[in-house]
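As the structure is a computational prediction, the values presented were derived from the model and not from experiment.
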Amino acid sequence: VIVIDNMSSGHKKNIAHIIDNIDFYENDIEAFELSQLENINCVVHLAAQAHGKGGSEKQQLDGFRRANVDVSLKLAKLAIKASVRRFVFVSSIGVHGTGTNGKAISESTSFNPGSPYALSKLEAEHELTKLFEATRSSELTIVRPPLVYGADAPGNFGSLLRLANSSVPLPFGMCANRRNMVSLTGLVDFLVACTHHPGAGSQSFVVADTSPVSTRDIVTSLRAGMGRAKRLVPVPPLTMAAVLRVLGKCDMYNQLFGDLEIDNQKARKLVGWVPCENTIGELERIGKCYADSHR
């Protein structure tokens, strides 16, 4: 098995703890050579550009396409040529949109990408699917995770960790949204299963912890693990929506106050995956780990 990503040491440790015969590749994927895939059974492709690099929306989309579509296709073609048995592509729940309107997202939910990043991921899925449908020697597995949380998580969850570990009051006291996330350990367990489980071949999956949580729950749990007071201000969500709209941060409102529920039944039934069933307890544990490492 070979994992393609510039992962943190914490990510690597979680994967290597479960499966021994694994290699990590962190350099320029465009420089990848066929010889590096010889005698490899499975490629897990997590590498991606997740954030725009300035310029117009079209320029950003072009950049996402180069990084997330073109490079993925090049790697997949090499994998097929090397007779790699399975190619696991980590996409994003964002291909289904940014909200659920009371209905949980499943693999059958229609596509509705709401950002250049999500659109590039969906385009990569379509192109990879066409590529692998034309060959019988290799299988494609697509995995669409939501926000991944862990003590060393980057991005939006990393920002929440830093905020939670401060004494700053936060405006989430009235936030009762319902969002499913996926724990880092749970996602790693699922990806490892995808490398070898017969039920994962030629399938697409949405994966998430079973229990949805609110942003209020997340911050309260993290601060509990950190030994901090809640310090949540009861600001009505509509007020926050108006403030963030004025600031041009509508996407931030959706991420912090919107719903995003996910149905993980297919992953559980086909692969026998056991997701995290106690997100609150896991968040408290992560809060403690983060605080302990930043004392």
Side-chain angles (χ1 to χ4, degrees), residues 7-15 17-18 93 98-100 104-105 145-190 206-241 243-244 249 251-264 268 273-295:
M7 294 184 294
S8 69
S9 59
H11 287 60
K12 291 181 184 179
K13 189 181 298 182
N14 277 308
I15 294 177
H17 176 72
I18 300 171
I93 200 68
T98 58
T100 53
I105 288 174
L147 181 67
V148 182
Y149 67 97
D152 60 350
N156 291 336
F157 191 77
S159 298
L160 268 179
L161 278 169
R162 290 189 292 275
L163 281 173
N165 198 36
S166 72
S167 58
V168 176
L170 298 172
F172 305 132
M174 296 178 69
C175 184
N177 58 333
R178 293 173 61 83
R179 296 186 76 87
N180 285 97
M181 305 186 295
V182 64
S183 70
L184 174 60
T185 53
L187 178 59
V188 168
D189 284 344
F190 184 72
V206 297
V207 292
D209 290 4
T210 298
S211 302
V213 292
S214 66
T215 303
R216 178 179 59 197
D217 293 332
I218 295 169
V219 176
T220 298
S221 302
L222 290 174
R223 284 186 161 172
M226 294 168 174
R228 292 183 175 274
K230 295 180 184 179
R231 294 183 68 82
L232 298 182
V233 182
V235 180
L238 288 178
T239 300
M240 287 302 304
V243 171
L244 291 172
K249 301 288 186 180
D251 288 344
M252 183 179 293
Y253 177 81
N254 290 332
Q255 292 166 2
L256 294 173
F257 292 88
D259 294 335
L260 188 69
E261 295 186 69
I262 298 169
D263 181 350
N264 63 15
R268 300 179 73 162
W273 179 54
V274 180
C276 177
E277 302 287 350
N278 182 11
T279 303
I280 295 296
E282 182 67 3
L283 286 166
E284 290 183 4
R285 186 191 68 78
I286 286 169
K288 184 178 186 307
C289 290
Y290 183 86
D292 288 345
S293 66
H294 287 77
R295 294 192 192 285

If you round to the nearest 0.5 Å, how far is [atom2] of [Y] from [atom1] of [X]?
| X | Y | atom1 | atom2 | result |
| --- | --- | --- | --- | --- |
| Ile286 | Ser183 | CD1 | OG | 7.0 Å |
| Ser221 | Met226 | OG | CE | 11.0 Å |
| Tyr149 | Leu283 | OH | CG | 5.0 Å |
| Met181 | Ile218 | CE | CD1 | 4.0 Å |
| Leu222 | Leu163 | CG | CG | 10.5 Å |
| Met240 | Lys249 | CE | NZ | 12.0 Å |

Of the non-hydrogen atoms in [X] and [Y], which two are nearest, and what is the gap between them?
| X | Y | answer |
| --- | --- | --- |
| Thr279 | Ser211 | OG1-O, 3.6 Å |
| Tyr253 | Pro237 | CE1-O, 3.3 Å |
| Asn165 | Arg228 | O-NH2, 2.8 Å |
| Leu161 | Gly150 | CD1-O, 3.5 Å |
| Cys175 | Phe257 | SG-CD2, 3.6 Å |
| Val235 | Met174 | O-CB, 3.7 Å |

- Query: Side-chain contact, heavy-atom cut-off 4.5 Å: Val148 with Val182?
  - Reply: yes

- Any side-chain heavy-atom pair from Arg162 and Tyr290 closer than 4.5 angstrom? yes

Given 3.5 Å as the limit, does a donor-acceptor pair link the side chain of [X] with the main chain of [Y], or not?
| X | Y | answer |
| --- | --- | --- |
| Asn180 | Asp263 | no |
| Asp189 | Pro275 | no |
| Thr215 | Leu256 | yes |
| Asn177 | Gly258 | yes |

- Message: Under the rule for side-chain hydrogen bond (donor to acceptor under 3.5 Å, both in side chains), what residues qualify as partners of Asp217, not counting sequence neighbours?
- Response: Ser214

- Enumerate the residue pairs fulfilling salt bridge (Lys or Arg N to Asp or Glu O under 4.0 Å) with a member in residues 277-289, sequence neighbours excluded, ordered by first and then second residue. Arg268-Glu277, Glu282-Arg285, Lys288-Asp292

- Using side chain to side chain contact (heavy atoms under 4.5 Å, CB included) as the criterion, point out the one residue from Arg223, Arg216, Arg231 that pairs with Leu170. Arg223

